[in-house]
Structures are given as structure tokens and as C-alpha cells.
Protein chains: 2
Amino acid sequence: MAKESGVTARDVSRHGAGRLHASGLARLKASGLRPTRQRLELAGLLFRGCDRHVTAESLHDEVTRAGVKVSLATVYNTLHQFTEAGLLRQVVVDAGRSYFDTNVGDHQHFFLEEEGYLIDIPGETIAVSNVPAPPEGLAVDRVDVVVRVKRA
Amino acid sequence: MAKESGVTARDVSRHGAGRLHASGLARLKASGLRPTRQRLELAGLLFRGCDRHVTAESLHDEVTRAGVKVSLATVYNTLHQFTEAGLLRQVVVDAGRSYFDTNVGDHQHFFLEEEGYLIDIPGETIAVSNVPAPPEGLAVDRVDVVVRVKRA
DNA sequence: TCATAGTTTAGAATAGTTCTAAACTGTTGA
DNA sequence: TCAACAGTTTAGAACTATTCTAAACTATGA
């Protein structure tokens with residue numbers, strides 16, 4: 001048999017829950033993260049195409065429900081590593097729980113507090129103007145806009 | 001001796017750490033909150049004029065350092081009651097810790113993550129335009145802007 | 001002054017997250 | 001191919017911020 005690279009077709013079919021696509025593996029490699037079973041499964045769920053908002057717990061539930069065993073600690077580690085690598089963006093809308101967004105482009109959010117639910121607002125949509133210069137010695141890192149909404 | 005109202009001059013001089021001003025007492029009364037020693041002390045610290053940003057812990061430290069004994073649970077209760085009453089506004093900038101702002105008017109914030117430090121940006125300064133209509137069944141409650149800054 | 005409803009509190013409990021150290025696994029080089 | 005090693009995962013402990021509980025306390029109105 002040919003030399004095995006880190007992840008084989010056998011691995012994929014054996015742990016197929018989170019459809020491995022090129023993008024998951026490619027993203028991991030590009031970030032210098034070893035393509036382990038756990039990271040591939042999580043990447044498979046996160047990057048399967050549509051933009052997603054997850055919490056550590058929601059993602060852990062999801063991967064578990066898919067029949068894959070990944071510890072909650074690993075989910076936390078992975079979310080942070082992916083964020084570090086620029087594959088995810090952390091969204092702060094709730095003191096007490098962290099959300100991660102697979103859309104890392106410039107955009108903002110609607111946040112439905114009652115349900116802990118986020119909806120993307122494309123970056124070109126909202127315009128924030130006249131942001132004042134920050135005090136001496138500080139530089140703007142990012143401008144976050146959260147449109148808090150309620151059931152009408 | 002004349003009938004004592006809830007809070008006497010004696011109370012004030014005895015527990016004087018947080019200079020009782022009309023505004024603290026008046027605010028409590030207007031909100032239907034009993035002017036207890038604890039609430040008056042906390043109101044005294046919070047509403048002494050300048051706008052302030054506190055966390056439960058920072059306020060608890062402050063009141064404790066002032067030589068006044070108030071439990072942390074009471075600080076939490078009080079911050080929430082004041083918020084409920086519209087005397088404070090809760091600011092979400094950090095998943096994991098809640099900030100409360102004595103400025104309840106329309107305004108936004110600089111947030112220095114490294115130090116957990118907030119700076120007000122007056123309401124008229126920043127303009128947020130083209131906020132899209134929220135999805136069917138939802139109504140905009142508030143638009144929060146957080147300008148995250150770093151030491152340059 | 002008394003009764004009562006509202007308030008405070010210590011300490012236990014909880015939620016979300018991070019840490020630890022031991023077991024495991026992907027990768028590399030021979 | 002395989003040993004060795006660095007990187008990874010994990011269970012469970014630990015930690016932080018916060019909320020809960022139930023008993024003691026206090027402001028208020030009669």
C-alpha cells in the first residue's frame with residue numbers, strides 16, 4: 001500500500017460523520033494544525049459551506065449527536081486554535097457565553113438575546129461613521145456593532 | 001425625638017463613606033427601592049457626579065475599602081436592581097464579566113481589552129447608518145457599538 | 001411599638017471555561 | 001517500516017463570575 005499521509009480515505013469513511021472536505025483539511029494544513037480526527041470532525045461541521053454561529057457547548061452537542069466522541073476541552077481548544085488561526089471569529093454579545101462565527105469577513109450582527117441567536121449583517125450594509133480618534137497611545141483594533149433585537 | 005424617617009442624619013454621618021447626596025436617595029425613592037444602608041452607600045459611590053464603569057467585583061472592593069461592609073451578593077443584587085430601574089446600563093464587551101455604566105444616555109464605548117477598561121463616546125459622535133430591518137417578527141431594541149482599542 | 005414585606009447575607013450551588021498531567025497519535029527520519 | 005518525539009486529547013480538578021437559598025435582619029406603615 002502507498003505511504004499513508006496523516007489522514008487516509010479509511011479514516012474518512014470510518015469517522016465520516018462530518019463529511020471531510022478539502023476545505024477542512026486544507027484549512028488545518030494552512031494553519032499548521034495537525035489534521036487529527038477531532039479537528040477534522042469539528043472543521044467538517046463548521047466549514048461545510050454556510051456561515052455558522054456556535055458556542056463550545058452547542059458544537060460539542062452537535063459533534064456528540066453525530067456519534068463522534070470529542071471531549072468538551074478539545075472543543076474549547078479547537079475553537080480557540082481556529083480563532084487564533086483566523087478560521088473563526090469570536091463574537092462578544094453575551095457576558096457569560098462565547099460565540100464563534102465561521103464568517104471571518106467584515107460584518108456585524110443581529111442578536112436575539114432571548115434565544116441566544118445570532119444573524120449576520122453583511123459588512124457593506126451598516127456604516128459606522130465619525131468614530132473618534134482613541135485617546136493618546138491607543139489604536140483602534142476593531143469596531144463591533146451589535147443590533148439587539150426582540151420578538152416584536 | 002422626632003419620628004425617624006428611613007434614613008437620618010445620624011445614619012449619614014455614621015456611614016459617611018459614600019457621601020449621601022440628594023441624588024442617591026432621590027433615585028432610590030423614585031425607583032421604589034428602599035433606601036437601605038447598603039443601597040445608599042453603593043448609590044453614593046456610583047452617582048457622585050462623574051460617569052463611571054464598574055464591575056460587581058470592582059464596586060465591592062471599592063465599598064469594602066471605604067470601610068463599609070456590604071456582601072458581594074448584595075452588590076450583584078443592587079447592580080441588577082439599579083439596572084432594572086434604569087439607573088445603570090449593562091455593557092457587554094467581555095464574555096465572562098459584566099460591566100455597568102452610570103451613564104444611561106445614548107452613547108457608545110471604547111474598550112481596552114488588555115486592561116478591561118471602558119471609555120465613553122458621546123452619543124452624538126458616532127453615526128450608525130443603514131441598519132437593515134430585522135427579520136420578520138423582530139424589532140430593534142438597541143444598537144451597541146464597541147470600538148476595541150489596543151495600546152499602540 | 002408591632003407586624004410584615006422587603007432586604008441582606010454567608011455559604012452552597014451553578015455555568016462556562018481553563019488547567020493539569022497522563023495517555024495517545026501524527027510526523028519525521030533512519 | 002518503525003522508533004522516537006512533539007503535538008494532541010482527555011477526564012477530571014480547578015477556577016471565575018454569577019446566582020440561589022434560606023435564615024437573619026430592617027425599613028415602613030399602622
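The sequence lines fix the lettering, A, B, ..., with proteins before strands; numbering per chain opens at 1.
- Residues meeting the ring pair (Phe, Tyr, Trp, His ring centres under 6.0 Å) test with His60(A), sequence neighbours left out: none.
- When the C1' atom of dA17(D) is taken as reference, atom CG of Leu59(B) falls 15 Å away, rounded to whole Å.
- For the pair Tyr117(A)/Tyr99(A), no side-chain contact is recorded, criterion being any heavy-atom separation below 4.5 Å from C-beta on.
- By the side-chain contact (heavy atoms from CB on, under 4.5 Å) test, Glu113(A) pairs with Phe111(A), Arg148(A), sequence neighbours left out.
- Scanning for side-chain contact (heavy atoms from CB on, under 4.5 Å) contacts around Pro132(A) gives Phe110(B), Ile121(B), Thr125(B), Ile126(B), with sequence neighbours left out.
- Within the 4.0 Å cut-off from OP1 or OP2 of dC24(C), not a single side-chain nitrogen or oxygen of Gln38(A) is found.
- Atom OH of Tyr99(A) is separated from atom P of dA15(C) by 15 Å (rounded to the nearest Å).
- For Gln38(B), the side-chain contact (heavy atoms from CB on, under 4.5 Å) partners at least two apart in sequence or on another chain are Thr36(B), Val70(B), Thr74(B).
- Nearest-nucleotide assignment on DNA chain D puts the 5′-proximal partner with Arg34(A), out of Arg34(A) and Ser98(B).
- Remark: Arg37(A) is in phosphate contact with dT10(D), judged by side-chain N or O atoms under 4.0 Å from OP1 or OP2.
- We find that NE2 of His60(B) is positioned 13 Å from P of dT18(D), with the value rounded to whole Å.
- Between Leu33(A) atom CG and dT27(C) atom C1' the separation is 15 Å, expressed in whole Å.
- For the pair Lys29(B) NZ and dA27(D) P, the interatomic distance rounds to 13 Å; values are reported in whole Å.
- The interatomic distance linking Glu84(A) (CD) with dT8(D) (P) rounds to 13 Å, in whole Å.
- In this entry the distance linking CG of Leu42(B) with P of dT7(C) reads 14 Å, nearest Å.
- Glu62(B) and Arg48(B) are joined by a salt bridge, as a carboxylate oxygen and a charged side-chain nitrogen come within less than 4.0 angstrom of each other.
- Projected onto DNA chain C by closest heavy-atom contact, Arg39(B) and Ala95(B) fall at different nucleotides, the more 5' of which corresponds to Arg39(B).
- Within the 4.0 Å cut-off from OP1 or OP2 of dG6(C), not a single side-chain nitrogen or oxygen of Thr36(B) is found.
- The CZ atom of Arg97(B) sits 16 Å away from the C1' atom of dA15(C) (whole-angstrom rounding).
- In this structure Arg65(A) satisfies the salt bridge (Lys or Arg N to Asp or Glu O under 4.0 Å) test with no other residue, sequence neighbours excluded.
- With sequence neighbours left out, Arg34(A) forms a salt bridge (Lys or Arg N to Asp or Glu O under 4.0 Å) with no residue at all.
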Restricting to nitrogen or oxygen on both sides, can you table the protein-nucleotides 11-15 of chain D pairs closer than 3.5 Å?
| unit_1 | atom_1 | unit_2 | atom_2 | d |
| --- | --- | --- | --- | --- |
| dA11(D) | OP1 | Lys69(A) | NZ | 3.0 |

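- In this structure Gln90(A) satisfies the side-chain hydrogen bond (donor to acceptor under 3.5 Å, both in side chains) test together with Ser98(A), sequence neighbours excluded.
- Within residues 74-82 of chain B, the residues having any heavy atom under 4.0 Å from DNA chain D are, by residue number, Tyr76(B), His80(B).
- Closest to the side chain of Glu57(B), from the set dA17(D), dG16(C), dG6(C), is dA17(D).
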